[in-house]
Every structure is written in structure tokens, then in C-alpha cells.
Novice: 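Mind having a look at this structure? Questions to follow.
Throughout, protein chains are lettered first and strands after them, A, B, ... in sequence-line order, and every chain is numbered starting at 1. As a basis for the values below, the full set of heavy atoms in this structure was taken, side chains included, without hydrogen atoms, waters or symmetry mates.
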Amino acid sequence: MDERQTFQTDTLNGWKRSHHCAELGAEHVDQEVCLMGWVQYRRDHGGLIFIDLRDVNGLTQVVFSPEVAPEPHSRAHVLRTEYVLAIKGTVRPRPDDMINPKMKTGAIEIEVSEFKLLNASKTPPFVIEDRAEVSENLRLKYRYLDLRRSQMTRNLVLRNRTAQAVRRYLDDLDFLEVETPVLTKSTPEGARDFLVPSRVNQGEFYALPQSPQLFKQLLMCGGLDRYYQIVKCFRDEDLRADRQPEFTQIDIEMSFVEEEDVMSMAEGMVRRIFRETLNKELAETFPRMTYDEAMERYGVDKPDVRFGLELKTVTDIVRGSGFRLFAKAELVKGMRVPGGSVLSRKEIDDLTDFVRIYGAQGLAWIKIKEDDWQSPIAKFLSEEERAGLKEALELEVGDIVFFQAGAPDMVNAALGNLRLKLGERFELIPADSFAPLWVTDFPLLEWDADAKRYVAKHHPFTAPQTGHIDTLGTEPGKALARAYDLVLNGSEIGGGSIRIHTPAMQQEMFTALGIDEEEARAKFGFLLGALEFGAPPHGGIAFGLDRLVMLLSGARSIRDVIAFPKTQKATCLMTEAPSRVASTQLRELGLRLRENVKEEKNG
RNA sequence: GGGGUCGUAGUUAAGCCGGUUAUAACGCUGGCCUGUCACGCCAGAGGCCGUGGGUUCGAGUCCCAUCGGCCCCGCCA
């Protein structure tokens, strides 16, 4: 054990903090203050000792002087990084030539008259500084130290401000915050559930909610009119930089509304969040784009509209081309990159490797040069095709144009992601800009190739657009949903819909999904029952709080806006969860692990 | 389930084509220092090179496996 930890420490014993560290300034000069916090830096000159004291909101320099207070000064030599102090002293102005302009409190310092050592600290495994580059596994293992860094503290403060802005906004509009169950029923549509075994009902399981979707609809059936909840949701799927197995949703539902009502409410909420967190004003109404248009122009359903590089379909132009790959492809799209002919062969090779991730076989390209087109495929293109491409893609000298041909999903994924990559490469994305966008008119259903059936794109309670229920039987892929997503800078931050509120339409929907009445009753009987007793028309939306705060803070990872996040393998490095449990616990639940079953058989 | 990448003092990294005692910076410990502010100066300690196999006279370095962090594909209604 660290010898330093055996130091005598003090209790507060009546001392009260008078200020936070970073709030002191010239206006406090000559005041007696009491600060409490951690030793950020110590500069022990043998004579004077300077300590930068840190608390949740910043730093203040405190000075131990042998003349002013000999006893505290002699005790202060033992102070080290991250020791916890309470100090009493007087705010003094610093001499003009000793003002530190880099520090918020650089014009003053505290002349210490007495101090208490509240706790010692081992040498921390990494320096508590924003500029420290520490591996993430170490940060996560010692998360309580990582959170002391001001960047992490700022992120959590921003998260709180966001949540408070949401609460104020929705409260002003008479929304009611209602808690919904965390132990609930597994609904095997959609994401994989986290399951919780029931001790009282052995062999049966609760599921943790993927979202409170059904409960918020039932609250509308319960006549509560307007509901919201800032709520944890759980999905047992693989993680990403912007995905955690447990995440927080701003969940909202309203009765007697249509799309416009929900969307304008949501716009107001996002505007208020931006005003109260970043002091930024967003437009009164957000631009809108249909799903089809987003896929056509950007290749994705969550386009980043802060920059151009749009995609163009050129299938018809190259239909009879000598380039067979183009001629026979179901879809051919091109993306013009103005000035892109500066890309080197090496860079283009790297981009080719990049699009292979999305299933592309290769990457066709043409550099538009002064005299000719430079391209591996130019020789296959007729004069007519060249003219057609030049006109359609508005090609100019100095451009490069990339093509992708094949199945629409692949073409859009490859070019859509290439677009984002090139947007960064050519620095086309303006810093500090926020471009919200509604994406509307989503397909109601999508084909699930594995299950060989149509599944709900959103969820099976999303209402079809007027008239589109009729085509469900004949052309299921064509029906549109009354659904809308809110996209911000290429991230989906919210999504919602108007729900089905009559039993007849809900039944039609289940039929289209291949769910028979018996199955529907077993899985969603409680919702169907509620619809039968006069459910009001209703709809809502849910926002991903973590992603929203990520965008507001500029964090590169969702983990940086969550106090105690999981690693990519869904473990917590600090608590070492998940972990094995005692066999008695398993027995109480009526569970046996497969490995134990094997042992029992063998032994 | 798959692809990529990283793992070397407490930390962050360097370590060439396999070859003597594995470097550096910061941190840490001790000493000196009354105006520093990422203080400075002097001295010192600190290593199972993720782990396990293999190739070799010899492995931090090459090969295989495995564990862990990160990024991505699939997946995420």
C-alpha cells in the first residue's frame, strides 16, 4: 500500500464551501473564501508553494506562504496530485506581470490561511488533463478518474442541460412524464431482447424494453393525452461508435394529432435544446425530403445535407454501353466530385477498397481532363454515352466522377458512404453548422431476405398513408407509412409515426406481415384489446438523447457522453460486468448453464 | 458471424533486415529552490515487450493460436 495514504486526514468538521473554484475573479478581492477540491498541479518552490485547486467547474491557484501561514505551509509539502483539500484564505489580486491569461481565474489567487487534508490519493494511472491521450480501456477501467477531466464533466453538464431543456419544453406544453415498466414482455419483432429470468415463474422471462412503444400507446388509450419520458432502452445487438446496448430515449406520444402536429412540436423542442445548450438559433421549420428523394440523391435515408456531392442515376444513359457491367446493371449511379481529379491513383485504390466494404466489386471512375477523359472505362463509352453523362452529371474539367453499378442497395450504400468519405477528404463539411432535415414517406414494409417475408420497416403499429392499406395485399413494397425521421448532420436523432388506432387496420397490418390472429393475440393481445375500447388517434416520436448530446458536444464516440458506458464487447471494464453468478442463484431461477449440463452428463 | 487495426516502464510512444545491457518524453521517488502556473535544476527507481505455443544458435522483432481495446460490415422494427 501507498505510504502516503496513511497520512492523517481531516474531516470537514463544520467547514462550509463558500465558492466554486472557477467563479472567483477580481470582484472577490480581499474576501475570505473557503474552497474544496483536488490538487491539479503543485509547484513547490521550497518557499512558496502553489497549488492549482480543481473542482467541478474549474481551477484556482492557491498559495501557501511561510510568512503568511507558517504551519499550513510546512504541512503543504506533502501534497500531491489528486489529494483532496479544503482551504480557507483570502482572495488576492495577482501583480500585473503575474496574471495568467490562460486561466479563467488567472487574475487572482487565494492566500491560504488554513487548510484541511480531506483525503490522500495514490498516483493516478493517468494524468487528469484534457490534453492527455490515454487509451480508452484505461479510461473506462478508471472511469471515476476519467470523469474528473473537464471535457468529460462538460459533456455530462451538457447532457443535463439538454434533458432539462426537454423537460421544461414539454412541461410547458402540458406533457405528463410517466414511468413505464422495465421488466416487461418480450416481443421478438425487431432487435434482440435482453431477457431477465423470473424466479417466481420459473421457465418464464421478462424482457427489458427496446423502447416503451406499446406502453406509450396504451397511455394514449388510457386517456392521458400527452406523454413523455426520458427513459433507458435496451437492445442486445452489436455495438458501434454511436450505439450502446443501453441508451436513453426521449420518448413522446400525443393524442388527436397528425404528422404536422408531432413534427412542429419536435421542431420546437430541438430549437429549444439548441438555444439553451449552444445558444444557437435553428430555423423555425426544418426542411423535408421524402425517403425516395433521400435515397436517390444521397444513397442513404439519413443524408448529411451540409454539403453537395449528390448522386445521379444514369442507368438509361449507359443501358446499351459497351461496358457490360453498366449495360446489364439494374441500377447505375454516378457521383461528380468537383475538382476531384487531383486524387492520386493510390487514393483511388484506397477508395476502391473502401467501397468493397459495402459489397461493391470495384469502383469505376473518370477524370475529366482538359483534352480527354482519363479513365479505365472511357474506351468502352460511345460518344453518345459520353455526351449523355456529361450533361446529366454536369461534368467540368478538373472533376472526377465515380460510378457504381449493380443491385440498388449496394449501389446506394457504396456511393452514399463514399460521398461521406469524400466530403471529409475535400473538407466540404462546414464546422459548427447544424443541418436538421425531416425524412418522410418511408416505405411501410421492407423485404426480409432471410425470413423471406415482408417486415415492418418502422414497427407494426405504424399507420399506412391514406389509401395505401389497399395496396398492402397486392404491392406490399409500395405502401408508404405515416412515419418521419429527424436527421441532423447525417445522424438519425429521432423517429416516429402516426400509429394505427383501429382494430381493423391493425389486423390488416398483421395480415400483411404474415402474423395470423392467434399469433397477434399472443404477442400483442393487450394492445389489440386497447384499440377495441375506443383508442384515440395518436402518434409520437422518440429521440436518441445520447446521439443528440454527441452532436451537440462534438464528441466522436457515444461513450464520451455516457457516464458509465460499455465496451464494444458490451462489457463494463470498471465493474467487470457481465459476470458469472453463484450456482445457488441459478438454481433459484431454475436455470442450468450448458457447460454444467455437460458435466452432469459426463460425471 | 466476418474484415481491419492496436497491445513495449505508471502513461504516451520509438525500437530498422531477427543479433550485446530494450530507448525517449511525461509521470513517480529523493534533494535544492520565495512568484510559479504543464515551474525549474540535480540525482534515482521503474520492464514476464498482452498471453500461450512454434521457427531459430538467438525472438519485442518472423509464424500460429488466444485474450483485450478501438473502427467497420452483417445486425440494430
Side-chain angles (χ1 to χ4, degrees), chain A residues 2-4 40-53 59-68 73 77 80-82 92 94-95 97-103 105-106 109 111 122-142 187-193 210-211 213-214 233-245 247 353-360 410 413-414 417 421 442-446 448-451 454-462 481 483 492 495 497 513 542 544 556-557 559 566-569 571 573:
Chain A
D2 210 313
E3 214 168 278
R4 290 183 242 146
Q40 177 72 41
Y41 302 113
R42 102 194 140 98
R43 294 176 293 278
D44 184 343
H45 289 224
L48 288 177
I49 299 170
F50 299 95
I51 298 276
D52 290 340
L53 195 69
L59 295 174
T60 293
Q61 173 167 287
V62 302
V63 189
F64 297 82
S65 158
E67 280 104 40
V68 175
H73 171 265
H77 287 296
R80 294 293 183 273
T81 304
E82 299 309 313
R92 299 292 187 207
R94 297 201 200 174
D97 54 341
M98 284 157 207
I99 288 174
N100 184 349
K102 285 185 289 187
M103 236 172 139
T105 56
E109 63 194 10
E111 188 182 85
K122 294 208 288 188
T123 302
F126 52 86
V127 200
I128 313 296
E129 287 179 340
D130 281 347
R131 64 169 175 278
E133 285 177 26
V134 188
S135 72
E136 194 157 1
N137 56 352
L138 206 64
R139 289 176 53 203
L140 291 174
K141 183 173 177 187
Y142 297 95
T187 53
E189 297 276 310
R192 196 176 290 119
D193 283 325
Q210 299 177 22
S211 92
Q213 179 61 36
L214 294 172
C233 302
F234 306 86
R235 292 176 192 175
D236 188 6
E237 297 291 346
D238 287 352
L239 286 74
R240 287 284 192 284
D242 63 351
R243 255 162 45 188
Q244 285 272 305
F247 59 98
D353 287 340
F354 176 74
V355 295
R356 283 187 215 280
I357 295 171
Y358 303 96
M410 183 280 291
N417 285 291
K421 186 124 182 138
F442 280 84
L444 188 64
L445 308 176
E446 66 184 347
D448 183 332
D450 291 333
Y454 279 94
V455 297
K457 185 167 179 77
H458 205 56
H459 54 60
F461 320 108
T462 302
E492 183 201 326
S497 63
L513 293 170
R556 288 187 310 279
S557 159
R559 295 180 297 278
K566 306 271 190 294
T567 69
Q568 196 163 41
K569 287 196 74 185
T571 65
L573 295 178

Novice: Please give, in whole Å, the distance from B:U36 P to A:L59 CG?
Specialist: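 It works out to 18 Å between those atoms.
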Novice: Output yes when at least one side-chain N/O atom of A:T123 is less than 4.0 Å from OP1 or OP2 of B:C28, else no.
Specialist: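 Answer no for this pair, as no side-chain N or O of A:T123 is under 4.0 Å from OP1 or OP2.
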Novice: Determine whether the aromatic ring centres of residues A:H45 and A:F50 are separated by less than 6.0 angstrom.
Specialist: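 So the answer is yes for these two rings.
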Novice: Quick check: any donor-acceptor pair below 3.5 Å linking the side-chain of A:E109 to the base of B:G35?
Specialist: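 Pair found.
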Novice: So, does A:T105 use its side chain to make a donor-acceptor pair with the main chain of A:L59 at under 3.5 Å?
Specialist: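 Pair found, side chain donor or acceptor close to backbone of A:L59.
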Novice: With a cut-off of less than 4.0 Å, is there a side-chain N or O of A:K569 near OP1 or OP2 of B:G69?
Specialist: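 So the side-chain polar atoms of A:K569 never come under 4.0 Å of the phosphate oxygens OP1 or OP2 of B:G69.
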Novice: Specify the separation, in whole Å, of atom NZ of A:K122 and atom P of B:G10.
Specialist: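 Result: 13 Å.
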Novice: If the C1' atom of B:A24 is compared with that of B:G46, how far apart are they to the nearest Å?
Specialist: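 Nearest-Å result for B:A24 against B:G46 at atom C1': 15 Å.
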Novice: Please check if the side chain of A:H73 supplies one atom and the backbone of A:V68 the other of a donor-acceptor pair under 3.5 Å.
Specialist: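 Looks like no, no N/O pair under 3.5 Å.
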Novice: Please give, in whole Å, the distance from B:C75 P to A:D242 CG?
Specialist: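 Spelled out: CG on A:D242 to P on B:C75 is 16 Å.
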Novice: Minimum heavy-atom separation for A:L445 to A:A456, with atom names?
Specialist: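 Here A:L445 and A:A456 meet closest at CD2-CA, 4.1 Å.
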Novice: Expressed as a whole number of Å, how far does the C1' atom of B:A9 sit from that of B:G50?
Specialist: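 The answer is 15 Å between these two C1' atoms.
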Novice: Quick one: look up who B:G47 pairs with, Watson-Crick or G-U, both distances under 3.5 Å, and put none if it's unpaired.
Specialist: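 Base partner found: none.
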Novice: If you pin A:V127 and A:D52 to their nearest nucleotides in RNA chain B, which one's is more 5'?
Specialist: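 Closest to the 5' end, via its nearest nucleotide, is A:V127.
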Novice: If we call it a pair only when both distances are under 3.5 Å in a Watson-Crick or G-U wobble match, what pairs with B:C41?
Specialist: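 Because both required distances fall under 3.5 Å, B:C41 counts as paired with B:G31.
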Novice: Testing the basics here: between A:R94 and A:M103, what is the closest heavy-atom pair and its distance to 0.1 Å?
Specialist: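 Closest heavy-atom pair between A:R94 and A:M103: NH2-SD, 3.9 Å.
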Novice: Which atom pair, heavy atoms only, marks the closest approach of A:T81 to A:Q40?
Specialist: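 Here A:T81 and A:Q40 meet closest at CG2-O, 4.1 Å.
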Novice: What is the distance, to the nearest angstrom, from the OH atom on A:Y358 to the P atom on B:G3?
Specialist: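 In whole Å, B:G3 P and A:Y358 OH are 17 Å from each other.
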Novice: May I ask you to say what A:R139 touches in the nucleic acid, namely base, sugar-phosphate or nothing, with a heavy-atom cut-off under 4.0 Å?
Specialist: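 Since no nucleic acid heavy atom lies under 4.0 Å of A:R139, the category is nothing.
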Novice: Between P on B:G40 and OH on A:Y41, what's the gap in Å once rounded to a whole number?
Specialist: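 Going from OH in A:Y41 over to P in B:G40 covers 12 Å.
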Novice: Tell which nucleotide pairs with B:G18, taking only Watson-Crick or G-U wobble pairs whose two distances are both under 3.5 angstrom.
Specialist: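 Its partner is none (no Watson-Crick or G-U wobble pair with both distances under 3.5 Å).
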Novice: State whether A:T81 places a side-chain N or O below 4.0 Å from either non-bridging phosphate oxygen (OP1 or OP2) of B:C28.
Specialist: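 So the side chain of A:T81 is within the cut-off, an N or O lying under 4.0 Å from OP1 or OP2 of B:C28.
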Novice: If B:G68 has a Watson-Crick or G-U wobble mate with both distances under 3.5 Å, name it; if not, just say none.
Specialist: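 Checking every strand shown, B:G68 finds its partner in B:C6, with both distances under 3.5 Å.
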Novice: With a centroid cutoff of 5.5 Å and a plane-angle limit of 30°, would you call A:H45 stacked on B:U36?
Specialist: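 No, A:H45 does not stack on the base of B:U36.
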Novice: Just how far, in rounded Å, is P of B:C37 from CD of A:Q61?
Specialist: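 Rounding to the nearest Å, CD of A:Q61 and P of B:C37 are 10 Å apart.
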Novice: Could you go through nucleotides 12-15 of chain B and list every protein N or O atom that sits under 3.5 Å from one of its N or O atoms, giving the distance for each pair?
Specialist:
from, atom 1, to, atom 2, distance (Å)
B:U12, OP1, A:S135, N, 2.8
B:U12, OP1, A:S135, OG, 3.1

Novice: Test for a donor-acceptor pair under 3.5 Å between the base of B:G35 and the side chain of A:D97, counting only N and O atoms.
Specialist: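 Check fails, no donor-acceptor contact within cut-off.
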Novice: Nearest-Å distance, CD (A:E82) to C1' (B:G27)?
Specialist: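 Taking CD of A:E82 and C1' of B:G27, I get 13 Å after rounding.
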Novice: Between B:U61 and B:A22, how many Å separate the two C1' atoms, rounded to a whole number?
Specialist: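 Their C1' atoms lie roughly 12 Å apart.
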Novice: Closer to the 5' end of RNA chain B via nearest nucleotide, is it A:L239 or A:F126?
Specialist: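 Looking at RNA chain B, the more 5' nearest nucleotide goes with A:F126.
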Novice: If the C1' atom of B:G19 is compared with that of B:A25, how far apart are they to the nearest Å?
Specialist: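 Per the computed distance, 28 Å lies between those C1' atoms.
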Novice: On a plain distance test, is the side chain of A:R43 in donor-acceptor contact with the base of B:A38 below 3.5 Å?
Specialist: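 No such pair is found, so the answer is no.
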Novice: Considering only heavy atoms and no angle criterion, is a donor-acceptor pair shorter than 3.5 Å present between the side chain of A:R556 and the base of B:C70?
Specialist: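 Such a pair does not exist between side chain and base.
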Novice: A:M103 has an atom CE; how far is it from atom P of B:U36, in whole Å?
Specialist: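 Checked: the CE to P distance equals 14 Å.
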Novice: Is it the case that B:G74 (base atoms only) and A:R240 (side chain only) share a donor and an acceptor within less than 3.5 Å, ignoring hydrogens and angles?
Specialist: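 When only heavy-atom distances are counted, A:R240 does reach the base of B:G74 through a donor-acceptor pair under 3.5 Å.
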Novice: OP1 or OP2 of B:C73 less than 4.0 angstrom from a side-chain nitrogen or oxygen of A:R243, does that happen here?
Specialist: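 The answer is no; no side-chain N or O of A:R243 sits under 4.0 Å from OP1 or OP2.
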Novice: On a whole-Å scale, what distance lies between the C1' atoms belonging to B:G60 and B:C49?
Specialist: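 Approximately 5 Å lies between the C1' atom of B:G60 and that of B:C49.
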Novice: In terms of heavy-atom contacts, does NZ of A:K141 have more than 12 from other residues, nucleotides or ligands at under 6.0 Å?
Specialist: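 No, the 6.0 Å shell around NZ holds no more than 12 heavy atoms from other groups.
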Novice: Assess whether one donor atom and one acceptor atom, taken from the side chain of A:R235 and the base of B:C76, lie less than 3.5 Å apart.
Specialist: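 Side chain to base: no pair present.
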Novice: Using the P atom as the reference point in each nucleotide, state the distance between B:U20 and B:U55 in Å, no decimals.
Specialist: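 It works out to 22 Å between them.
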